[in-house]
2 protein chains.
Amino acid sequence: MSNSEKGPVREAPVSLTECGAALAIEQVPDRWTWLILREMFYGVSRFADIQTDIGIPKSVLSGRLAQIVENGLAKKEAYRDGSARTRYAYVLTQKGRELAPVILALMQWGDKHIKDGESALSLTDKRTGNPVKIGIVPKGGALPLRWLNYTPVDQPSDVKDG
Amino acid sequence: MSNSEKGPVREAPVSLTECGAALAIEQVPDRWTWLILREMFYGVSRFADIQTDIGIPKSVLSGRLAQIVENGLAKKEAYRDGSARTRYAYVLTQKGRELAPVILALMQWGDKHIKDGESALSLTDKRTGNPVKIGIVPKGGALPLRWLNYTPVDQPSDVKDG
DNA sequence: TTTTCTGAGTTTGACATTTGAACTCTGCTC
DNA sequence: GAGCAGAGTTCAAATGTCAAACTCAGAAAA
């Protein structure tokens with residue numbers, strides 16, 4: 001990033017109430033909320049599945065899901081597993097889905113700086129199969145989210161795409 | 001995003017310990033840490049400046065800064081304001097600076113979904129002056145961070161760039 | 001020399017949140 | 001009508017947060 005270098009900066013040029021980043025942080029304020037959203041990106045949508053996958057206490061999960069729904073990041077949808085009674089799944093809304101670049105940027109950063117360059121998920125352009133990443137692009141130059149394809153790299157898993 | 005749609009996903013394809021995003025979240029786990037990093041991106045580096053800018057209790061700031069330094073996101077640098085005694089500033093390392101795409105993606109999302117499209121910061125390509133954004137790009141197609149220029153949009157502020 | 005000032009903390013004690021375990025509620029299926 | 005399972009709620013203990021008061025270092029003023 002860049003600004004003029006005349007003396008130390010004594011305050012942010014954009015206040016907390018006007019800064020999109022600060023406002024976004026209010027809606028995704030903590031570790032658990034991030035991890036829950038990560039699960040939802042992967043398509044994990046049920047209370048118990050999320051709970052065991054990330055090891056969150058049920059009481060906390062319950063509260064976080066309520067916030068997530070209230071903020072419009074996900075919605076509670078009825079589903080029926082076989083002939084069992086109606087249950088609920090939490091699925092991302094458009095607003096929630098559009099957090100994907102944030103999560104992916106986070107992943108890219110973690111892969112580079114914590115995993116020393118090893119990535120557990122490969123991202124490609126669904127049409128061409130070419131690898132993609134998150135980065136700075138001229139306005140209008142980004143690929144739409146719906147062209148993004150992801151495949152786990154290493155461990156034999158059940159999610160795959162074609 | 002995309003995966004095959006045969007039944008609900010019951011667990012994430014990438015475990016917490018292998019997922020770059022999950023590992024990244026461990027290093028930036030909460031609201032305060034995000035807000036502190038936001039300050040540092042803007043160049044605010046002094047304890048007292050960060051403290052009053054985001055309204056964090058000193059005791060919490062002290063702890064968070066220690067974590068941030070320990071995780072290698074920033075380093076504590078001596079500085080001397082005029083002839084006064086040596087003091088310390090917290091400045092981002094390369095690792096910390098490379099969180100920029102995450103913060104900017106967050107900002108972009110907040111501007112779109114919380115501020116209804118109004119942005120307080122305009123991002124441009126430093127060489128051409130053309131507007132840029134964060135998005136999905138073919139590998140190798142992203143602009144390097146050092147070409148990024150940001151200018152506060154509206155409020156008469158002291159940070160400017162040319 | 002002693003005092004004052006200021007940035008950068010630490011300490012304190014009241015308050016809030018998180019945790020894990022146990023409990024509840026609901027409506028199928030046996 | 002008993003058992004079961006998913007999705008919670010409730011509880012007490014541990015942990016974290018907050019605001020205010022206190023400490024510490026060293027330069028400068030008195």
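All chains are named by letter (A, B, ...) in the order of the sequence lines, taking the proteins before the strands, and each is independently numbered beginning at 1.
- Residue pairs meeting the side chain to side chain donor-acceptor pair (under 3.5 Å) criterion with at least one member in residues 58-70 of chain B, sequence neighbours excluded: B:Asp30-B:Arg64.
- A close approach under 4.0 Å does occur between a side-chain nitrogen or oxygen of B:Tyr79 and OP1 or OP2 of C:dA8.
- Within residues 26-40 of chain A, no residue has any heavy atom closer than 4.0 Å to DNA chain D.
- Of the residues in residues 56-64 of chain A, those lying under 4.0 Å from DNA chain C by heavy-atom distance are A:Pro57, A:Ser59, A:Val60, A:Arg64.
- B:Ile54 has its CD1 atom 13 Å from the P atom of D:dT17, to the nearest Å.
- For the side chain to side chain donor-acceptor pair (under 3.5 Å) test, residues two or more places apart in sequence or in another chain that qualify with A:Glu26 are B:Arg31.
- The salt bridge (charged side-chain N to carboxylate O under 4.0 Å, His left out) contacts involving residues 46-55 of chain A comprise A:Arg46-A:Asp81, A:Asp49-B:Arg10, where partners must be two or more places apart or lie in separate chains.
- The CD atom of B:Gln67 sits 15 Å away from the P atom of C:dG9 (whole-angstrom rounding).
- In this structure, B:Phe47 places its CZ atom 8 Å from P of C:dA8, rounding to the nearest Å.
- Map A:Thr86 and B:Arg46 each onto its nearest nucleotide of DNA chain C; the residue landing nearer the 5' end is B:Arg46.
- Atom CG in A:Leu65 sits roughly 11 Å away from atom P in D:dT9 (whole-Å rounding).
- As rounded to whole Å, 15 Å separates atom P of D:dA5 from atom CG of A:Asp49.
- Screening residues 99-131 of chain A for ring-ring contact (aromatic ring centres under 6.0 Å, His included), with sequence neighbours left out, gives A:Trp109-A:His113.
- Between A:Trp32 and A:Ile54, some side-chain heavy-atom pair lies under the 4.5 Å cut-off.
- OP1 or OP2 of D:dG8 has at least one side-chain nitrogen or oxygen of A:Tyr90 nearer than 4.0 Å.
- Sorted by first and then second residue, the pairs that involve residues 104-115 of chain B and meet salt bridge (charged side-chain N to carboxylate O under 4.0 Å, His left out), not counting sequence neighbours, are A:Glu98-B:Lys112.
- Summarising the geometry, the separation between CZ on B:Arg85 and P on C:dA8 is reported as 9 Å, rounded to the nearest angstrom.
- Atom CZ of A:Arg80 and atom P of D:dA5 are 18 Å apart (whole Å).
- Side-chain to base pairing of B:Arg87 with C:dA8: no donor and acceptor N or O lie closer than 3.5 Å to each other.
- With A:Ile136 as reference, B:Leu143 is the one residue of B:Leu143, B:Asp125, B:Leu123, B:Val137 to meet the side-chain contact (heavy atoms from CB on, under 4.5 Å) rule.
- A:Lys95 is linked by a side chain to side chain donor-acceptor pair (under 3.5 Å) to A:Gln27, counting only residues two or more places apart in sequence or in another chain.
- Within the structure, side chain to side chain donor-acceptor pair (under 3.5 Å) pairs that include any residue of residues 130-141 of chain A comprise A:Thr128-A:Asn130 (at least two apart or interchain).
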